[in-house]
Amino acid sequence: MKTIIEPFKIKSVEPIYFTTFHQRKELLRAAHYNPFLLKAHDVIIDLLTDSGTSAMSSAQWAGIMLGDESYAGADSFFKFEAAVKKITGLPVVIPTHQGRAAEKILFTILGGAGKTVLSNTLFDTTRANVEFTGAEGLDLVCAAGKQPGLIADFKGNIDLIALDTHIQQLGADNIPAVVITITNNSGGGQPVSMENIRGARAICTKYQIPLIIDACRFAENCYFIKMREPGFKNHTVLEIAQQLFSHADMVTMSAKKDAFANIGGFLALQDEVLAQQFRNLLIVTEGFPTYGGLAGRDLEAIAQGLEEIVDEDYLKYRIRSIEYIGDKLSEQGIPLVLPTGGHAVYLDAASFLPHIPRHEYPGQALACALYLHGGIRGVEIGSVMFGKYGKDGGLISPPLELVRLAIPRRVYTQSHMDYVTEVITDVYHHRNTIRGMKITYEAPMLRHFTARFEMLG
Ligand code: F0G
């Protein structure tokens, strides 16, 4: 088989600025050992996120010039609405300035004290928006999803038995929604199967609970369904997406991922009565219902991006390019979440640095080491992002301690990724010299964004 090449040519480029080890040592110290606090200019390969970092196509840039900036009823809105309806089949489409704005509106109406939102895994902003209302979020990912090294096809699935049991225990009236995140970002970018979505749908119907799909990376998820799930090989990714969304009552999406846009999101749903409540909030916080916090040109870029994302030559390249990094690291025995997911490679920091206990944040230490040694910026997804304090003040760690290297869409080439694997391999060989970290400042919510650290002696 021949190399699977990037299915695009590059028309416009941005410079990368290089730094030395000694410069990065100082820059990291000044950023309080939190890669979020580094300047992007000082990063060589930026794998902090795949969100809003895509390279737009020439057709998207052309769309930017077509943007209709009318306050109400702009042409660009109708193009956007048609693109979302084509994929989701849902009749109501509400634009928002990004995914979390859709979540904020959704849970302000659905959430509240005493309620519990059940999920395969809530992303951190989704959880924060649930908890901000006084409700709780509970993750019920399947057993395979908790074992980083275990090879399985759909490690993002929700545990359907646990879902049913929790609904019975908590009472259906106290569950305002079940949220399925596709792909499961916080659990390694792992896909959810159609069968699992159907199962969740049946349980939600039985207890009359709305099923919400967090669709940020729906195209990557649907490509995995095509490749791995029996019965889908001859379906297009668009058809698979349409079938998948036919099971949802509502969909939230950050268009910063699988719509190749730099900003934007939406909420789409069946229920016109609920939609009216959402729109009332939208007008207060986002804007008029035909622009929802976005410029007309953003709506154009999203509409075009949603057409491009279901292109299977693109998706084949996308999924293979992530797998390529995973293969190279696995050859060196480097522990990571396997199989590789849709948008990122997740290093298993707990196994990478077994000498650093969880309360000394091995994920954070590894993220810092990657920057120091190669100017690579990734993000900790572990005890810093999801850790909680128990009644005795001790840290309660989440099941996995990961460092995510998220790959921006259509931005980096194979040689950039070869460099990344070389740096990680180098760090792996020196892993015994890496030390743990301690937190010196943290915010009460979403602490990972602004926390400050010190390296332990
Ligand atoms: N849901 C998922 C699964 C996400 O990954 C994100 C964002 C959101 C919701 C929120 O969307 O950023 O547009 O408000 N994830 C980014 C990331 C930030 O780096 O994974 P947003």
Side-chain angles (χ1 to χ4, degrees), residues 34-36 40 43 46-54 84 94-107 117 119-132 137 139 141 145 156 158 177 179-192 212-221 248 250-268 282 285-286 292-294 298-299 301-302 305-306 322 337 341-346 363 367 377-382 384-386 402-409 411 445-446 448-450:
N34 183 347
F36 276 107
V43 175
D46 204 346
L47 308 182
L48 186 65
T49 180
D50 62 322
S51 179
T53 51
S54 298
V84 175
I94 299 174
T96 57
H97 81 272
Q98 57 184 81
R100 70 196 70 182
E103 294 162 3
K104 169 81 180 157
I105 290 168
L106 181 68
F107 293 111
V117 173
S119 178
N120 53 344
T121 310
L122 295 169
F123 181 65
D124 58 348
T125 61
T126 325
R127 173 174 290 281
N129 274 302
V130 166
E131 291 178 354
F132 192 71
D139 295 339
V141 76
I158 190 165
V179 177
I180 308 269
T181 310
I182 62 170
T183 54
N184 183 14
N185 184 9
S186 314
Q190 299 293 320
V192 176
I212 300 176
I213 294 182
D214 175 341
C216 293
R217 300 177 180 86
F218 76 93
E220 290 164 3
N221 197 96
M250 291 179 243
V251 170
T252 58
M253 178 160 173
S254 164
K256 299 171 76 172
K257 286 84 171 173
D258 270 358
F260 292 124
N262 301 127
I263 197 73
F266 63 81
L267 190 54
L282 183 86
T285 58
E286 292 283 291
L294 292 169
D298 300 324
L299 295 166
I302 296 167
L306 287 173
I322 311 286
V337 175
H343 67 295
V345 170
Y346 293 70
R377 176 156 72 166
V379 64
E380 191 260 17
I381 300 196
V384 177
M385 190 181 275
F386 290 122
L402 306 174
V403 171
R404 184 186 75 173
L405 303 171
I407 314 299
R409 293 170 183 76
V411 170
M445 286 183 98
L446 297 173
H448 53 286
F449 289 126
T450 53

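Numbering of ligands and ligand atoms starts at 1, following listing order. This structure is a prediction, so every number in the text was calculated from the model and none was measured. Only heavy atoms go into these numbers, but all of them, side chains included; no hydrogens, no water, no symmetry mates. Throughout, numbering of the chain's residues begins at 1 and tracks the sequence.
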For atom CZ of F449, is the number of surrounding heavy atoms from other residues, nucleotides or ligands below 6.0 Å larger than 12?
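Count over threshold, so yes.
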
Could you tell me whether [X] and ligand 1 have an N or O pair separated by under 3.5 Å?
X    : value
T49  : yes
T125 : no
R217 : yes
G99  : yes

Q.
Please list the nearest protein heavy atom to atom 12 (O) of ligand 1 with its residue and the distance rounded to 0.1 Å.
A.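 The closest heavy atom on the protein side is R100 NH2, 2.9 Å.
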
Exercise for the section: Among all protein heavy atoms, pick the one closest to atom 8 (C) of ligand 1 and tell me residue, atom and distance. Expected result: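 For atom 8 (C) of ligand 1, the nearest protein heavy atom comes out as F123 CD2, 3.5 Å.
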
Side-chain donor or acceptor of [X] paired with backbone N/O of [Y] under 3.5 Å:
X    : Y    : answer
D258 : A219 : yes
N184 : Q190 : no
R409 : F260 : no

| query | Of all the atoms in ligand 1, which lie at a distance below 4.0 Å from a heavy atom belonging to S254? | reply |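 Answer for ligand 1: 11 (O), 13 (O), 21 (P).
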
**Request:** Would you mind running through ligand 1 and noting each atom that sits below 4.0 Å from a heavy atom of T181?
**Result:**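 Heavy-atom distances to T181 below 4.0 Å select 3 (C).
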
For residues I158 and S119, report the shortest heavy-atom separation together with the two atoms involved.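 In this case the closest contact between I158 and S119 is CD1-C, 3.5 Å.
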
### Message
Among K256, R404, H97, K257, which one puts a heavy atom closest to atom 16 (C) of ligand 1?
### Response
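Minimum heavy-atom distance to atom 16 (C) of ligand 1 goes to K257.
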
